[in-house]
Amino acid sequence: MNEQQLAKKPQLSYTKDQVELVKSQIAPEATVDELKLFLYQAQRTRLDALSRQIYCIHRNVKQGANWVKKMTIQTSIDGFRVIAERSGTYGGQSEPVFAEKDGQLISCKVSVFRFHNEVRYEASVGVAYWDEYAPKNNEGKVTGMWAKMPHTM
């Protein structure tokens, strides 16, 4: 959907209570400006933060010799599905296909399908490689949920 089409669609709006809920539960580390930016992006894309379609995530980023927290806005898989459904041609996705070697996860592949003239076809294939995404600590060990639930991540 292009910007002109998106502009014609009704925007998502939040009540004052919902904004407070987003601030306390979804974006607790956000500054006032970061919260404004996050809510603007949620409203612009019509993704609902309270339904976990879009996230406000703070990550440690090295800046010079120091580590600082930086906010990133991340769309969830459910948010991407909502966006795809809006196209009117979304045809679902395949089951994940995992590649493993010696018990180690190497990659995961998923196909996305679309409809054209009532024909479902594979429109896109995405491959995520473990080594390119799995976060590691200073000792090189995979951290957090990536260590606990590699296939889910």
Side-chain angles (χ1 to χ4, degrees), residues 1-3 5-6 9 12 14 18 21-31 33-116 118-153:
M1 183 174 289
N2 67 36
E3 290 294 322
Q5 291 169 319
L6 193 57
K9 299 287 184 182
L12 174 71
Y14 292 101
Q18 289 170 325
L21 194 56
V22 168
K23 171 64 179 154
S24 69
Q25 301 300 311
I26 309 298
E29 296 181 63
T31 65
D33 284 345
E34 287 173 336
L35 182 62
K36 286 179 186 177
L37 178 61
F38 175 69
L39 291 172
Y40 168 77
Q41 184 66 3
Q43 291 169 335
R44 190 186 75 74
T45 57
R46 294 179 297 125
L47 293 175
D48 187 358
L50 295 172
S51 295
R52 304 285 186 178
Q53 295 172 351
I54 189 169
Y55 290 99
C56 177
I57 297 175
H58 282 78
R59 290 192 168 90
N60 289 321
V61 178
K62 194 159 190 175
Q63 206 169 50
N66 301 318
W67 288 91
V68 297
K69 291 259 185 185
K70 289 280 189 176
M71 182 196 74
T72 59
I73 298 172
Q74 185 172 314
T75 304
S76 72
I77 188 65
D78 290 336
F80 282 120
R81 287 184 184 122
V82 165
I83 293 167
E85 283 289 341
R86 290 178 192 157
S87 74
T89 62
Y90 177 57
Q93 67 187 51
S94 67
E95 289 186 35
V97 177
F98 297 101
E100 298 184 38
K101 184 176 180 182
D102 300 325
Q104 295 289 352
L105 185 57
I106 304 297
S107 66
C108 179
K109 178 174 92 171
V110 175
S111 296
V112 176
F113 297 89
R114 293 185 81 172
F115 285 104
H116 180 70
E118 299 183 21
V119 175
R120 184 176 184 244
Y121 68 96
E122 187 177 52
S124 179
V125 176
V127 179
Y129 293 92
W130 177 261
D131 285 341
E132 294 176 0
Y133 285 93
K136 296 178 181 166
N137 64 18
N138 293 341
E139 296 154 6
K141 293 186 179 187
V142 176
T143 61
M145 296 298 283
W146 290 79
K148 295 177 188 173
M149 303 168 53
H151 288 82
T152 299
M153 300 312 290

Legend entry - Closest non-hydrogen atom pair, Gln93 against Arg81: NE2-NH2, 3.1 Å
Legend entry - Expected output: side-chain Gln74 to main-chain Tyr55 donor-acceptor under 3.5 Å: no
Inset, instruction - Output the distance between atom SG (Cys56) and atom NZ (Lys23), rounded to the nearest 0.5 Å. - result: 8.5 Å
Legend entry - For Lys101 against Ile106, the heavy-atom pair lying closest together: N-CG1, 3.7 Å
Legend entry - Lys70, NZ atom: more than 12 neighbouring heavy atoms under 6.0 Å: no
Inset, instruction - Verify the neighbour count for atom NE2 of His116: are there more than 12 heavy atoms of other residues, nucleotides or ligands below 6.0 Å? - result: no
Legend entry - Polar side-chain atom of Arg114 near backbone of Ala123 as donor-acceptor pair, under 3.5 Å: no
Inset, instruction - Mark yes or no for whether Ser51, through its side chain, and Gln53, through its backbone, hold a donor-acceptor pair below 3.5 Å. - result: no
Inset, instruction - State, to 0.1 Å, how close Glu29 and Glu34 come at their nearest heavy-atom pair, and which atoms those are. - result: O-OE1, 3.9 Å
Inset, instruction - Pick out which of Ile26, Asp78, Leu47 makes a side chain to side chain contact (heavy atoms under 4.5 Å, CB included) with Arg52. - result: Ile26
Side-chain donor-acceptor pairs under 3.5 Å in residues 125-140, sequence neighbours left out?
from   : atom 1 : to     : atom 2 : distance (Å)
Asn137 : OD1    : Glu139 : N      : 2.9
Asn137 : OD1    : Gly140 : N      : 3.1
Asn137 : OD1    : Lys141 : N      : 3.0

Inset, instruction - Could you pull out the closest heavy-atom pair between Pro150 and Leu105, with the gap in Å? - result: O-CD2, 3.6 Å
Legend entry - Rounded distance [0.5 Å steps], NZ in Lys148 versus OG1 in Thr143: 10.5 Å
Inset, instruction - Determine yes or no for a side-chain-to-main-chain donor-acceptor pair under 3.5 angstrom, with Tyr14 supplying the side chain and Ala49 the backbone. - result: yes
Inset, instruction - Mind checking the NE2-CZ spacing from His151 to Phe98? Nearest 0.5 Å is all I need. - result: 5.0 Å
Inset, instruction - Report the distance from atom OG1 of Thr75 to atom CD of Gln41, rounding to the nearest 0.5 Å. - result: 7.0 Å
Inset, instruction - Quick one: closest heavy-atom pair of Tyr90 and Val112, and the distance? - result: CE1-CG1, 3.9 Å
Legend entry - Which atom of Arg46 lies closest to which atom of Leu12, heavy atoms considered: CG-N, 3.9 Å
Legend entry - Interatomic spacing from CD in Glu85 to CZ in Phe80 - rounded to 0.5 Å: 15.0 Å
Inset, instruction - Say whether, by atom type as modelled, one donor and one acceptor occur between the side chain of Thr72 and the main chain of Ile57 under 3.5 angstrom. - result: yes
